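Working notes, beginning with the structure itself.
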Number of protein chains: 2
Amino acid sequence: MKAEKVSELTTNRLSVYLRCLNLLAEAGVKTISSQALADQFNLNSAQIRKDLAYFGEFGVRGVGYDVDELRRHLTKILGLDRPHRVGIIGAGNLGTALANYTGFAASNFTVVALFDNDPQKIGQRIGQNQIPVYDVRDLAKVVREKGIDVAVIAVPARVAQRVLNQVMAAGIKAVLNFAPVRLHARLGVKVKTVDLTISLESLSYFLARPQVTCITNPRSILPYEEIAQREERELAKE
Amino acid sequence: MKAEKVSELTTNRLSVYLRCLNLLAEAGVKTISSQALADQFNLNSAQIRKDLAYFGEFGVRGVGYDVDELRRHLTKILGLDRPHRVGIIGAGNLGTALANYTGFAASNFTVVALFDNDPQKIGQRIGQNQIPVYDVRDLAKVVREKGIDVAVIAVPARVAQRVLNQVMAAGIKAVLNFAPVRLHARLGVKVKTVDLTISLESLSYFLARPQVTCITNPRSILPYEEIAQREERELAKE
DNA sequence: CGCTGTGAATGAATTCACAGCG
DNA sequence: CGCTGTGAATTCATTCACAGCG
């Protein structure tokens with residue numbers, strides 16, 4: 001496990017592979033080759049092998065990969081074997097929706113606090129998990145007390161950089177940002193931005209083109225009929 | 001405007017440029033060079049020029065770009081001059097949060113309908129805009145009646161492909177997907193996935209590294225002190 | 001002169017193709 | 001034999017550097 005200069009594109013794909021392996025494990029598959037994995041999930045087998053090879057030699061020549069073993073390896077590599085505690089800054093629509101979002105748990109993330117500057121909201125508890133809302137001025141203190149190591153920024157774009165500065169001052173090293181701005185982070189702090197504006201405008205651009213058969217991913221086209229049929233069969237099963 | 005084989009990375013950046021220009025216009029700036037734009041927003045001037053050049057010659061040599069004119073051009077290129085009507089499938093936490101999300105409006109998107117299969121929810125109206133919730137079985141009909149041209153998928157991963165198939169059958173060509181799955185779309189249908197799981201796991205990976213100074217974007221590091229100072233000045237102003 | 005627009009050069013990511021192991 | 005792991009080839013994206021225009 002040398003982990004020197006692994007591209008983020010590679011690590012993002014590791015998440016995808018892990019997800020696929022989880023589906024396979026659920027389906028009772030014990031062993032899979034990179035080729036079979038690629039076929040089944042529209043990936044590229046050489047890329048799978050290369051991505052995995054950055055972190056070790058997990059396969060058996062002539063056989064493939066042990067599904068459970070590879071799952072364990074990827075879980076470890078992605079750090080999903082250790083729990084993370086999340087604080088969400090901004091208890092508006094998005095912030096509260098994220099506080100209720102159940103998808104965090106599968107990756108071993110727990111939302112433990114919300115922060116806001118609205119006196120109406122501070123002191124309340126939100127959602128079925130009754131997550132408390134704190135004053136954003138107490139950020140550093142609550143971060144320390146609750147052992148928060150990941151921040152989610154769900155505030156308006158105008159104030160996002162200011163909030164990030166506070167978050168960094170509180171010693172947090174990993175941030176998920178939903179505000180549509182380019183934030184400037186200090187070295188050693190990772191900010192991942194989910195920019196809905198760009199996503200939407202990208203769709204708008206596509207719709208504005210007079211059908212130039214704008215192809216994002218060539219692989220996602222050819223086998224459609226086949227996929228549709230597989231889909232039909234699955235539906236029929238239930 | 002030849003728009004042949006423009007990469008999605010390029011069109012995504014057009015959104016960023018437009019956002020920057022809007023800030024400049026607000027600040028009363030009339031004209032800007034690619035160099036000044038790059039300096040101010042941590043971009044690359046050659047890339048700005050190249051990206052724009054795919055769509056025309058908007059600049060004046062020796063001067064730069066007219067801010068308002070370039071804004072109009074980008075708005076047109078991105079199709080933001082025409083309104084889009086959005087239907088959200090899945091009236092759970094995420095779906096309702098998105099229905100209330102005000103950020104859509106700036107890009108000329110309006111949410112006009114929610115869809116669900118829960119009888120409890122069907123027939124209700126949600127949020128301050130009182131957006132109605134329809135039976136997902138009436139998708140095609142409502143899409144036709146309301147002129148919906150963009151779908152948002154906010155349902156569990158398990159059923160996302162099935163929902164996409166229905167969405168495609170209803171004739172929708174642009175889809176924003178929040179379910180953490182790789183969806184298979186027919187040719188001519190654009191699916192943009194916002195995968196929170198991958199984003200989170202990417203943060204987890206970063207935290208798991210024993211500080212190898214994992215650098216995503218080298219530009220975002222060097223000028224931090226300078227940026228922090230600028231930030232201080234702005235805060236002082238208010 | 002100062003800028004844009006753009007070929008040419010570099011760099012990064014993906015895919016090919018095969019040696020070599022189980 | 002069938003697979004992995006990996007150099008080599010290719011494709012794609014970014015950056016450089018400058019001719020040429022206003």
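Just so we're on the same page: letters track the sequence lines, and every chain starts at 1. The structure displayed is predicted, hence computed values, not measured ones. Hydrogens, waters and symmetry mates play no part in the numbers below; they use all other heavy atoms, side chains included.
- Counting only heavy atoms from C-beta on, Arg61(B) has its side chain closest to dA19(D) among dA19(D), dT4(D), dC16(C).
- Judged by the 6.0 Å and 45° rule, Arg209(B) forms a cation-pi pair with Tyr205(B).
- Listed candidates were dG5(C), dG22(C), dA13(C). Nearest to the side chain of Ser7(A) is dA13(C).
- For Ser33(A), whose side chain is taken as the heavy atoms from C-beta onward, the closest listed nucleotide among dT14(C), dC3(D), dT4(C) is dC3(D).
- Side chain Lys50(B) to base dT6(C): no donor-acceptor pair is found below 3.5 Å.
- Applying the 3.5 Å distance criterion, the base of dG5(C) shares a donor-acceptor pair with the side chain of Arg49(B).
- Between Tyr65(B) and dG2(C) there is no side-chain polar atom (N or O) within less than 4.0 angstrom of OP1 or OP2.
- Atom-to-atom, CZ of Phe58(B) to P of dT6(C) comes out at 12 Å; the value is rounded to the nearest Å.
- With respect to the salt-bridge test (charged N to carboxylate O, under 4.0 angstrom), the residues Glu8(A) and Lys192(A) qualify.
- The side-chain contact (heavy atoms from CB on, under 4.5 Å) test applied to Lys50(A) returns no partner, not counting sequence neighbours.
- No side-chain N or O of Arg82(A) forms a donor-acceptor pair with one of Asn108(A) less than 3.5 Å apart.
- Distances were taken from every side-chain heavy atom of Leu9(B) (C-beta onward) to each of dT14(D), dA13(C), dT4(C); the shortest belongs to dT14(D).
- Contact check, Asn44(A) against dT14(C): no side-chain N or O comes under 4.0 Å of OP1 or OP2.
- Here the side chain of Ala46(B) is nearest to one of dA17(D), dT4(D), dT14(D), namely dA17(D).
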